[in-house]
Amino acid sequence: MRPRALGQPAQERIWAAVAAIPRGRTASYGAVARAAGLPGRARMVGRALGAAPAALKLPWHRVITASGRIAFPRGSRLHAEQTRRLKREGLAVERGRVRVAVPRSLDALLWGAPRW
DNA sequence: TGTATGACCCTGA
DNA sequence: CTCAGGGCCATAC
């Protein structure tokens, strides 16, 4: 028996939750954890993303911290990469902080931001 | 077996 | 807004 890292099911639920984040929207690590049935385990989300096979093509860039910031250190390669991808989806990113560029509806205004 | 380390979060000061 | 403290838990050493 091969030691299952992190517990297969949990990791896969996290991947599924991330895959479900709509384009142009974001979700916090904690929100993804809750959506995956793992409340309080936000750290596991980052770990699962790092371990995710590239073939899954997950929208990992749509996952940010609860405070609306990019989790990677400023100046790091991944920080730049995530910023680029978010901007390409129409989101405004300034100093590592993500802001809704253009709210498309009242719903977006009321329900926008991190939660989903 | 024990300690350290994070793609985190929440509360309080 | 920042900072510290405590919680979380799979991994690495």
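Naming: A, B, ... by sequence-line order, numbering from 1 per chain.
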> Quick one: which of B/dC10, C/dA10, B/dC8 gets closest to the side chain of A/Y29?
Replying inline: B/dC8
> When the distance from CH2 of A/W15 to P of B/dA7 is rounded to whole Å, what number comes out?
Replying inline: 18 Å
>> Whole angstroms only, please: what is the CE-P distance between A/M44 and B/dC8?
In response: 14 Å
>> Starting the side chain at C-beta, find the nucleotide from C/dC1, B/dA7, B/dC10 nearest to A/L49.
In response: B/dA7
> What's the closest nucleotide to the A/R47 side chain, out of C/dC9, B/dG6, B/dC9?
Replying inline: B/dG6
>> Any non-hydrogen side-chain atom of A/V45 less than 4.5 Å from a side-chain atom of A/R41?
In response: no
>> So if I take every side-chain heavy atom of A/A71 and compare against C/dA10, B/dC9, B/dA7, which nucleotide ends up nearest?
In response: B/dA7
> Among C/dG7, C/dT2, C/dA10, which is the nearest nucleotide to the side chain of A/R69?
Replying inline: C/dT2
> Going through the checks in order, is the salt bridge (Lys or Arg N to Asp or Glu O under 4.0 Å) test met by A/E81 and A/R84?
Replying inline: CA-CA 5 Å; A/E81 165 91 25; A/R84 187 156 38 83; 2.8 Å; yes
> Taking OP1 and OP2 of C/dC9, is either one under 4.0 Å from a side-chain nitrogen or oxygen of A/R41?
Replying inline: yes
>> Run the side-chain contact (heavy atoms from CB on, under 4.5 Å) test on A/L56 and A/V18 for me, step by step, so that the C-alpha distance in whole Å, both residues' side-chain angles and the decisive distance to 0.1 Å come before the verdict.
In response: CA-CA 11 Å; A/L56 290 182; A/V18 172; over 6 Å; no
> Would you say B/dA7 has OP1 or OP2 under 4.0 Å from some side-chain N or O of A/R74?
Replying inline: no
> What interatomic distance, in whole Å, is found between P of B/dA7 and the corresponding atom of C/dG6?
Replying inline: 22 Å
> Tell me: CZ of A/R34 to P of B/dC9, nearest whole Å?
Replying inline: 9 Å
>> Just the rounded figure in Å: distance from C1' of C/dA10 to CG of A/L38.
In response: 12 Å
> B/dA7, C/dC1, C/dG7: which one has an atom nearest the side-chain heavy atoms of A/F72?
Replying inline: B/dA7
> So, the side chain of A/Q82 versus the backbone of A/V63: is there a donor-acceptor pair under 3.5 Å, distance only?
Replying inline: yes
>> Show, in sequence, the C-alpha distance, side-chain angles and deciding distance for A/E89 and A/R85, and conclude whether the salt bridge (Lys or Arg N to Asp or Glu O under 4.0 Å) test is met.
In response: CA-CA 7 Å; A/E89 293 190 0; A/R85 293 192 181 208; over 6 Å; no
> CD1 of A/I70 versus P of B/dC8: gap in Å, rounded?
Replying inline: 12 Å
> Starting at CZ of A/R95 and ending at C1' of C/dT2, how long is that distance when rounded to a whole Å?
Replying inline: 15 Å
